[in-house]
Novice: 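Can you read through this structure? Questions will come right after.
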Amino acid sequence: MFIQTEATPNPRVLKFLPGRRVAEGGAVEFRTIDEAAISPLGEGLFLVEGVEAVFFGDDFISVTRAEAGPSWDEIKPGALAAIMDHFVSGQPLLRGQATSDHADYTGEAAEIVREIKDVLDSRVRPAVAQDGGDILFDRFEPETGVLWLVLRGACAGCPSASATLKAGVENMMRHYVPEVTRVEQAA
């Protein structure tokens, strides 16, 4: 098995490409080893000294290193070994299903949220996946037009994240979904 690596715009995140599907049921992110308890691969990566967060995309894995931790030269061999061991073992990515709750929308708001999610899925998420991250819908406030998005993987904590949200995503959303007046990052 050959695993490629790619730099991302976030210098603390390295993207690993195992050449096969990773998160078939949708992207998953872990910020602590406790959160990663549902994932054998997540646990294995958190056991590598200096790993601060792990993100599983459709066909990639983004690993975030601690700011004051070891360098990529020190982390990369352990991360590659954990990824290789996982895929060779044949274990599932998740022991259980990770779920997320979103507010229910009705009427016109439901149609706007559907349009927002369509734009995210077709135009935004594929672009940010190239850089090892993901952007997900968090909530929409119909009365103000404010759209809240969650940045994950390489996008979380990236120095250019706010510029990407404002210059890229907000302009695109306002063009395709005029009811969106502003885009903000959800905590």
Side-chain angles (χ1 to χ4, degrees), residues 1-100 117-137 149-161 163-165 168-169 172:
M1 176 178 196
F2 179 70
I3 303 169
Q4 295 179 324
T5 60
E6 285 182 8
T8 71
N10 185 342
R12 291 183 43 224
V13 178
L14 192 60
K15 184 176 173 182
F16 294 82
L17 300 152
R20 58 181 66 183
R21 301 268 298 173
V22 178
E24 294 186 35
V28 183
E29 182 174 44
F30 302 113
R31 294 249 171 233
T32 67
I33 193 166
D34 292 336
E35 289 178 4
I38 65 168
S39 170
L41 177 55
E43 283 181 320
L45 287 167
F46 271 102
L47 293 176
V48 176
E49 183 181 350
V51 171
E52 182 178 88
V54 175
F55 176 80
F56 301 127
D58 184 51
D59 62 352
F60 67 91
I61 301 155
S62 291
V63 176
T64 303
R65 70 176 183 86
E67 197 163 345
S71 69
W72 278 119
D73 289 338
E74 298 167 286
I75 296 172
K76 191 173 171 182
L80 286 167
I83 294 167
M84 179 80 71
D85 290 348
H86 172 75
F87 284 107
V88 169
S89 76
Q91 293 181 356
L93 181 66
L94 302 176
R95 291 183 183 107
Q97 285 295 91
T99 60
S100 63
K117 288 181 178 181
D118 285 348
V119 172
L120 281 173
D121 289 344
S122 65
R123 300 185 179 275
V124 178
R125 295 180 72 207
V128 298
Q130 293 284 325
D131 290 333
D134 199 6
I135 298 180
L136 298 176
F137 174 84
L149 300 174
V150 177
L151 303 178
R152 300 192 321 174
C155 293
C158 178
S160 60
T164 298
L165 273 181
V169 178
M172 185 180 296

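Keep in mind that what you see is a predicted model, and the values were worked out from it rather than measured. Along the sequence shown, residues are numbered consecutively beginning with 1.
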Novice: Does atom CD of Gln91 have more than 12 heavy-atom neighbours, drawn from other residues, nucleotides or ligands, at distances under 6.0 Å?
Specialist: yes
Novice: Let me confirm one number: the OG-CZ distance from Ser71 to Arg65, rounded to the nearest 0.5 Å.
Specialist: 7.0 Å
Novice: CZ/Phe60 to CD/Gln4 distance, rounded to the nearest 0.5 angstrom?
Specialist: 14.0 Å
Novice: Restricting to non-hydrogen atoms, name the atom on Arg12 and the atom on Trp72 that form the minimum distance, rounded to 0.1 Å.
Specialist: O-CZ2, 3.2 Å
Novice: Between Arg21 and Asp58, is any pair of side-chain heavy atoms under 4.5 Å apart?
Specialist: yes
Novice: Locate the shortest heavy-atom distance separating Glu67 from Glu52; write the atom from each residue and the value.
Specialist: N-OE2, 4.3 Å
Novice: Quick check: closest heavy atoms across Leu136 and Asp134, and the distance to 0.1 Å?
Specialist: CD2-OD2, 3.5 Å
Novice: Are the side chains of Val22 and Phe87 in contact, using a 4.5 Å heavy-atom criterion?
Specialist: yes
Novice: Shortest non-hydrogen contact from Pro70 to Ile75?
Specialist: O-CD1, 3.5 Å
Novice: Does Arg20 come within less than 4.0 Å of Asp59, counting only side-chain N to carboxylate O?
Specialist: no
Novice: If you apply the rule side-chain contact (heavy atoms from CB on, under 4.5 Å), what do you find for Leu149 with Val124, and how did you get there?
Specialist: CA-CA 11 Å; Leu149 300 174; Val124 178; over 6 Å; no
Novice: So, taking the atom named CZ in Phe46 and the one named CG in Asp34, what distance separates them when rounded to the nearest 0.5 Å?
Specialist: 9.5 Å
Novice: Would you call the rings of Phe56 and Phe30 parallel, tilted or perpendicular, where under 30° means parallel and over 60° means perpendicular?
Specialist: perpendicular
Novice: Restricting to non-hydrogen atoms, name the atom on Val28 and the atom on Arg152 that form the minimum distance, rounded to 0.1 Å.
Specialist: N-NH2, 3.5 Å
Novice: So do the side chains of Ile61 and Leu41 get within less than 4.5 Å of each other, counting heavy atoms only?
Specialist: yes
Novice: Can you name the nearest heavy-atom pair linking Gln130 to Lys15, along with the distance?
Specialist: O-NZ, 2.8 Å
Novice: Atom CG of Leu14 and atom NZ of Lys76: how far apart are they, to the nearest 0.5 Å?
Specialist: 6.0 Å
Novice: With Phe16 as reference, evaluate Leu80, Val54, Leu45 under the side-chain contact (heavy atoms from CB on, under 4.5 Å) test and give the passing residue.
Specialist: Leu80
